[in-house]
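Notes for the one structure printed next.
In what follows, chains are A, B, ... by sequence order, proteins preceding strands, each numbered from 1.
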Protein chains: 2
Amino acid sequence: MSNQAARRTRSLSADKRAAILAGAKRVFLRDGFAAGSVDAVAAEAGVGKQTVYRHFGSKDALVEALVVGMCEAIDWSAPPDASSDPRATLRRELNAFVLGLSTPGSVQLYRAIIGEAGRQPEFARLFFEAGPKVIRSRVASVLCGELPDSEASEAAAILVNLALGDAYLELVLGITPPDPKRFERQIDAALELVLPSR
Amino acid sequence: MSNQAARRTRSLSADKRAAILAGAKRVFLRDGFAAGSVDAVAAEAGVGKQTVYRHFGSKDALVEALVVGMCEAIDWSAPPDASSDPRATLRRELNAFVLGLSTPGSVQLYRAIIGEAGRQPEFARLFFEAGPKVIRSRVASVLCGELPDSEASEAAAILVNLALGDAYLELVLGITPPDPKRFERQIDAALELVLPSR
DNA sequence: GTCTATATTGAGATAGAC
DNA sequence: GTCTATCTCAATATAGAC
């Protein structure tokens, strides 16, 4: 009967979809959402343009699928550790965060999100909720053991800000290349300021 | 002879030029450098499109003139004061900085600069040199009287970062509206951390 | 379901009237 | 020097072959 082809009435190739999204990532993060073209995405993905439209319907929908997918894939947290030293835990956590955010893909996504924030507030919110907000609360939860709850939230915000510090603004602006050592120094200085060792 | 018309061989109307730049500012900061059109600029400025091209030659040149002009016009510094209290001076200086950077025009310029940083590094550098870098050194020069020179530069960077804090990221992302009181609280907390009052 | 060829719109840039 | 009308090309989206 129809047991073979029954449920594949509208089945599109998952491989092609992934290839298109990969192409879209390269094109749109390099050229920007406005200047990047569907033609370029199709060429980059090695598929016909019509295939892109079959899968996503429009350029806007493709861009949205890309941004949503990248935001959902964000995971800048450090794996859990057995150590009970909160300073060491915070150092690992903050380090994983800045490294994740320093990735070329993350920097390009960050630029694109900021650049479109005035026109696409949903993208900005999605990114904020998936990234900075998560890190803040992870850091705050560690700090709750060390500081009064009333101070933990504010201290977490300070730590996260200082961990990024100047280095991140300069990285996003393309002034200086990524420098893990510089981030480590910023993190150590931040920890010393918020949780003095003596 | 030619003494009347001699030197106006290539004189264009300064009024029109200013009107075009004002229109370009509205259009490009609202729609982005890529999506904003010269037609829209001409309409916004109330001139013909050809006039735009007579004055600037190309869309790229127009965008560059706009960005350069806005960066050169940046002045987020506080006026000098007679007070000799470095904490009060720093508070005024940092407050003027965050207020200047919170202006709708500044936020939109910041977004556009970040969004194009991967493709237009010169714009990013121009902005950085005219804005953040200037504030850093102003703050550092005040701190030189309070801290060893070796620490003043780093402390200045920390102060500037904490003055912007979470509030600025959320403002740029369009998550929260501008809130001068929140900035003031961030500045006070930052000063207390870097220059404890007791 | 995927590709090639095409319709249509819009934007950058220019020619010519005044 | 400024505007109106136009050229040209690129990009979104679609139609039809396989």
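OP1 or OP2 of C/dG1 has not a single side-chain nitrogen or oxygen of A/Ser13 nearer than 4.0 Å. Neither OP1 nor OP2 of C/dG1 sits under 4.0 Å from any side-chain N or O of A/Thr51. Under 4.0 angstrom from either OP1 or OP2 of D/dT2 there lies at least one side-chain N or O belonging to B/His55.
Here B/Lys16 lies in heavy-atom contact (under 4.0 Å) with sugar-phosphate atoms only.
Classified by interplanar angle (parallel below 30°, tilted 30° to 60°, perpendicular above 60°), the ring pair B/Tyr168/B/Phe183 is tilted.
The CG atom of A/Leu126 sits 11.5 Å away from the CG atom of B/Leu173 when rounded to the nearest 0.5 Å. To the nearest 0.5 Å, atoms CZ (A/Phe127) and CE (A/Met70) are separated by 9.0 Å. Going from atom CZ of A/Arg138 over to atom CZ of A/Phe97 covers 11.5 Å, rounded to the nearest 0.5 Å.
Within residues 28-48 of chain A, the residues having any heavy atom under 4.0 Å from DNA chain C are, by residue number, A/Gly46, A/Val47, A/Gly48.
At a threshold of 4.0 Å, the pair B/Glu170-B/Arg182 counts as salt-bridged, since one of the basic side-chain nitrogens sits closer than that to a carboxylate oxygen. Classification of A/Glu116 and A/Arg119 as a salt-bridged pair holds, one side-chain N sitting under 4.0 Å from a carboxylate O.
Across A/Leu164, A/Val160, A/Leu171, a single residue satisfies side chain to side chain contact (heavy atoms under 4.5 Å, CB included) together with A/Val98, and that is A/Leu164.
No donor-acceptor distance shorter than 3.5 angstrom exists from the side chain of B/Thr103 to the backbone of B/Gly105, with no hydrogens or angles considered.
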Give every pair of a protein N or O atom and an N or O atom of nucleotides 15-18 of chain D that lie under 3.5 Å apart, one pair per line with the distance.
residue: D/dA15; atom: N6; partner: A/Gln50; partner atom: NE2; Å: 3.1

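If you measure from atom NZ of A/Lys49 to atom C1' of D/dT14, you get 9 Å, rounded to the nearest angstrom.
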